[in-house]
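Have a look at the structure below, then the notes.
In what follows, every heavy atom counts, from backbone to side chain, and hydrogens, waters and symmetry copies are set aside. Order of the sequence lines sets the chain letters (A, B, ...), proteins ahead of strands, with each chain counted from 1.
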2 protein chains.
Amino acid sequence: MSSFLGSYRHQLDGKGRLSLPADFRRGSDADVFVLVQVQDDALTLFPEDAWGPVQEELRELQQRNPEARHYVLSITASARRVVPDSQGRILIPEQLRDAAGLDGEALVVGALNKIEIWDPERFQQRTGDRGEEVAELAQRIFA
Amino acid sequence: MSSFLGSYRHQLDGKGRLSLPADFRRGSDADVFVLVQVQDDALTLFPEDAWGPVQEELRELQQRNPEARHYVLSITASARRVVPDSQGRILIPEQLRDAAGLDGEALVVGALNKIEIWDPERFQQRTGDRGEEVAELAQRIFA
DNA sequence: CCACTGTTTCCCACATTTCCCCACGCGGCC
DNA sequence: GGCCGCGTGGGGAAATGTGGGAAACAGTGG
């Protein structure tokens, strides 16, 4: 299984391309990713092998709970299959760029089995205020 | 198996033709689709291989539950086998165009094993209000 | 049975976008 | 110091979405 760690501040060039860190490129077996917006404050990038199970769960959710149809649609509508070019860059569609508030620079963050793409300033804000109970709970993991 | 992702805003020209995104054209092995209205707010486009199982289930439903006969009939009546032209466009019959409230523009949305065709504004409305329980359920998928 | 009309299908054409490839500069490592 | 890897930039070629014209077709009415 792939494990992505670290954060990298990369440029988002005029054409909307973003270089993936070389580490992340090597970290995934295949060269195919799925870029999708599952949170409203950042984009998420799944390597293909991690996306497969997610897709299956989406389908099950949809079958079990018809209410979920529109929700699943909103996810798949935002999703995009992306393949890095020979320089290891992916193209981020304008639609997603706007949705995540990206312009000029982006923070590429390793998140274990997936990668998150943030606007650097927004990342600062959102990770600044940790809920206290959560922090306490989390501390036990490292004990 | 084919997996359709992404949303594309395409023109619906004077003749009622709609270009399928090139990604979707490649995504399906065969060049044959079934266009049908199974939801009241959008049209659905199945690649031929995904339609097969659906057809079987319709038959079973009909056998088990005679009440369903009229329902199944209304589905098959609206359905249409379509083959994209050499430019990758399909013709959407007027009847279906009206039923889905399409005029001028259409949003072609990937929905995993099938494709949905929406009026852009309607899509905005319907996907905007996520049920809270559903959203919560769904968030676990991405953890 | 034939002529007519409206619809569908095939083909050609164009503008824009996207993709692919080459090139540069910086930095670390041998 | 030279080499290699990496992030960044850009130019040219191919692909894509869109429009329209003419041929083929089907259905209708005379």
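Applying the ring-ring contact (aromatic ring centres under 6.0 Å, His included) test to every pair with at least one member in residues 34-53 of chain B, sequence neighbours left out, gives these pairs: B:Phe46-B:Trp51.
Rounded to the nearest 0.5 Å, atoms CG (B:Asp98) and CG (B:Asp103) are 9.5 Å apart. Separation of atoms CG (B:Leu107) and CZ (B:Arg122) is listed at 12.5 Å; rounding is to 0.5 Å.
With sequence neighbours excluded, the residues that form a side chain to side chain donor-acceptor pair (under 3.5 Å) with B:Arg26 are B:Asp23. Partners of A:Glu116 under the side chain to side chain donor-acceptor pair (under 3.5 Å) rule, at least two apart in sequence or in another chain, are A:Trp118. Under the side-chain contact (heavy atoms from CB on, under 4.5 Å) criterion, B:Glu56 pairs with B:Arg59, not counting sequence neighbours. The ring pair (Phe, Tyr, Trp, His ring centres under 6.0 Å) check on A:Phe4 picks up A:Phe24, with sequence neighbours excluded. Taking the side-chain contact (heavy atoms from CB on, under 4.5 Å) definition, one finds that B:Gln87 meets it with B:Asp85, B:Arg89, sequence neighbours left out.
At least one side-chain nitrogen or oxygen of A:Arg25 sits closer than 4.0 Å to the OP1 or OP2 atom of D:dG7. For D:dC6, one of the phosphate oxygens OP1 or OP2 lies less than 4.0 angstrom from a side-chain nitrogen or oxygen of A:Arg26.
Closest approach of A:Ile90 to A:Ile117, counting heavy atoms only: CD1-CD1, 4.4 Å.
Within residues 80-98 of chain A, the residues that have a heavy atom under 4.0 Å from DNA chain D are, in order of number, A:Gln87, A:Arg89. Near DNA chain D, defined here as any heavy-atom distance below 4.0 Å, the residues from residues 9-18 of chain B are B:His10, B:Gln11, B:Asp13, B:Lys15, B:Arg17, listed numerically.
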Output, in order, the C-alpha distance, side-chain angles, deciding distance and verdict of side chain to side chain contact (heavy atoms under 4.5 Å, CB included) for A:Leu5 and A:Leu112. CA-CA 6 Å; A:Leu5 293 175; A:Leu112 304 182; 4.3 Å; yes
Output a table of donor-acceptor pairs, distance under 3.5 Å, between side-chain atoms of residues 6-22 of chain A and any protein atom two or more places apart or on a different chain; print 'none' if there are none.
from	atom 1	to	atom 2	distance (Å)
A:Arg9	NE	A:Glu105	OE1	3.0
A:Arg9	NE	A:Glu105	OE2	3.4
A:Arg9	NH2	A:Glu105	OE1	3.2
A:His10	ND1	A:Ser19	O	2.7
A:Asp13	OD1	A:Lys15	N	2.9
A:Asp13	OD1	A:Gly16	N	3.2
A:Asp13	OD1	A:Arg17	N	3.0
A:Asp13	OD2	A:Arg17	NE	2.8
A:Asp13	OD2	A:Arg17	NH2	3.1

Acceptor/donor pairs from residues 68-77 of chain B side chains to any protein atom, 3.5 angstrom cut, sequence neighbours excluded:
from	atom 1	to	atom 2	distance (Å)
B:Ser74	OG	B:Tyr71	O	2.6
B:Thr76	OG1	B:Val72	O	3.4
B:Thr76	OG1	B:Leu73	O	3.1

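In this structure, B:Glu105 places its CD atom 13 Å from C1' of D:dG17, rounding to the nearest Å.
Using a 4.5 Å heavy-atom cutoff, the side chains of A:Val82 and A:Leu45 are in contact.
Bracketed by its first and final contacts, the part of DNA chain C lying under 4.0 Å from non-hydrogen atoms of chain B reaches from C:dT8 to C:dA13 in 5' to 3' order.
In this structure, the helix from C:dC1-D:dG30 to C:dC30-D:dG1 shows an angle of 30° between the axis at its start and the axis at its end, each fitted on 5 base pairs and rounded to 10°.
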